Number of protein chains: 2
Amino acid sequence: MPPTAARADTRHGPRKRAGNGAVPRSDADGVGLDALVGHAGYAVRRFQIWIFQDFIKTLGEVDIRPTQYSVLTVIGANPGLSQMAVAKRLGIERARLVHLLDSLEQRKLVKRIKSKEDRRSHALHLTAQGETALEKFKRLAAEHERHVEAKIGKENRAQLLRILSGFT
Amino acid sequence: MPPTAARADTRHGPRKRAGNGAVPRSDADGVGLDALVGHAGYAVRRFQIWIFQDFIKTLGEVDIRPTQYSVLTVIGANPGLSQMAVAKRLGIERARLVHLLDSLEQRKLVKRIKSKEDRRSHALHLTAQGETALEKFKRLAAEHERHVEAKIGKENRAQLLRILSGFT
DNA sequence: GCCAATTGTTGTCGTCAACAACAATCTTTC
DNA sequence: GAAAGATTGTTGTTGACGACAACAATTGGC
């Protein structure tokens, strides 16, 4: 968020401090965030909203959302996985994956093949159409990643990936 | 990601590569993430899920969720703000803030006071009960923040806040 | 004074996490 | 080998959340 000229805000009452003598942090609108500054979760939430919106917009022409993209890449890199394995790997519930796969299967990008070894489970594969489509998705995702670099800087993006590598 | 011994996974079909000749990255389950590794959005999403779950658990005894906490701290640091100002500052919709405030007002933590200057808007204040409650919430939130430090390291957390400071 | 904009509110829609229940199917155990 | 328990995919519900659209009351520009 670039700094902007201060405008009149809609505050009604007088500015008052909570109790300690610290100077309140304020943004361009004059609204202080107080304890929120210094909370990793708040910064991460705001960043995640921005990054997802850019991803959705950048891959808007092919109508692929972040979760769909993650499912496709995992299946593409590991053909034959069961739904349970994909769900566990991506940290999504198997109940949620059912709907995701329903959608992707309708679009002829993925197919569920009944497993011979375990007749409860399905082996997941990309269709031929899904393979070529995924190549395009990856190009668009790379473009999105360049937007991230442009936003926070190449060095910072690399550091971010390093810091959070334990969560992937 | 440290290399780990591969275990038997639930894959049904044979491992196959997409198209390029790269070696697939794999986790402890032997399930490769392929293109997902190197995507900032994926790492951030996983981290955000972890951090929110820890926040919710750490503040579970007082039943305060991250968004509620952010609303309370902003009002506490800027008494008299209108709903519009709070919503804009936190990046939430004013329609969503209505329900959040309904809940917080029922719990006697916040009060809406009809403004004299602009009779469309409400001046938001913490109740006396809300002030003391927020102090406790802040202590618990600080405890949560120590969990984050323990998870990713003190240095990394500081770098993260620096990198993402533009989004708060 | 009139028209446009703003504020709070209500409502709908879609995404997503968290559960719970269920049938079909494996696996363990006796 | 049969009974008991666990797993897989599926369906459904609940609640938090973002995005939109409409509305009445009120304000401000002109």
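These numbers were taken from a predicted model, which means no experiment stands behind them. Letters go in sequence order (proteins before strands), and every chain restarts at 1.
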Tell me whether the side-chain N/O atoms of B/Arg119 come closer than 4.0 Å to OP1 or OP2 in D/dG28. no
For the pair made of CG in B/Leu81 and P in C/dG8, what is the distance, rounded to whole Å? 10 Å
What is the distance, rounded to the nearest whole Å, between atom NZ of B/Lys114 and atom C1' of D/dA24? 13 Å
Rounded to whole Å, please give me the gap between CG in B/Leu100 and P in C/dT10. 14 Å
When the distance from CD of A/Glu93 to P of D/dT10 is rounded to whole Å, what number comes out? 15 Å
Please determine whether a side-chain nitrogen or oxygen atom of B/Gln83 lies at a distance below 4.0 Å from atom OP1 or OP2 of C/dT9. yes
A/Tyr69 ring center near B/Tyr42 ring center (under 6.0 Å): no
Could you give all pairs that pass the ring-ring contact (aromatic ring centres under 6.0 Å, His included) test and reach residues 88-113 of chain A, with sequence neighbours left out? none
Whole-Å distance separating the CG atom of A/Asp118 from the P atom of D/dA6: 17 Å
Rounded to the Å, how far apart are A/Ile56 CD1 and D/dG18 P? 13 Å
B/Leu97 CG to C/dG8 C1': how many Å, rounded? 10 Å
Would you say A/Gln53 reaches D/dA19's phosphate, i.e. side-chain N/O to OP1/OP2 under 4.0 Å? yes
What's the verdict on side chain to side chain contact (heavy atoms under 4.5 Å, CB included) for A/Leu104 and A/Val71, showing C-alpha distance, side-chain angles and the deciding distance? CA-CA 9 Å; A/Leu104 294 175; A/Val71 170; 4.0 Å; yes
Between the base of C/dG8 and the side chain of B/Arg94, is there a donor and acceptor pair under 3.5 angstrom? yes
Identify the pairs formed between an N or O of the protein and an N or O of nucleotides 11-15 of chain C at a distance under 3.5 Å, and give each distance.
unit_1, atom_1, unit_2, atom_2, d
C/dT15, O3', A/Arg65, NH1, 3.1

Quickly work out the A/Lys116 NZ to D/dT8 C1' distance and round it to whole Å. 18 Å
When rounded to the nearest 0.5 Å, the distance separating CD1 of B/Ile113 from NZ of B/Lys116 is 10.5 Å
Can A/Thr127 and A/Gln129 be counted as having a side-chain donor-acceptor contact under 3.5 angstrom? no
Students often mix this up, so state it plainly: with edges at 30° and 60°, are the rings of B/Trp50 and B/Phe47 parallel, tilted or perpendicular? parallel
Want to settle it: does A/Leu101 or A/Arg45 sit nearer the 5' end of DNA chain D, counting the closest nucleotide to each? A/Leu101
Assess whether salt bridge (charged side-chain N to carboxylate O under 4.0 Å, His left out) is satisfied between B/Arg112 and B/Glu105, documenting all intermediate values. CA-CA 8 Å; B/Arg112 290 187 248 221; B/Glu105 204 169 26; 3.0 Å; yes
Between A/Arg120 and B/Pro66, which is nearer to the 5' end of DNA chain D once each is assigned its nearest nucleotide? A/Arg120
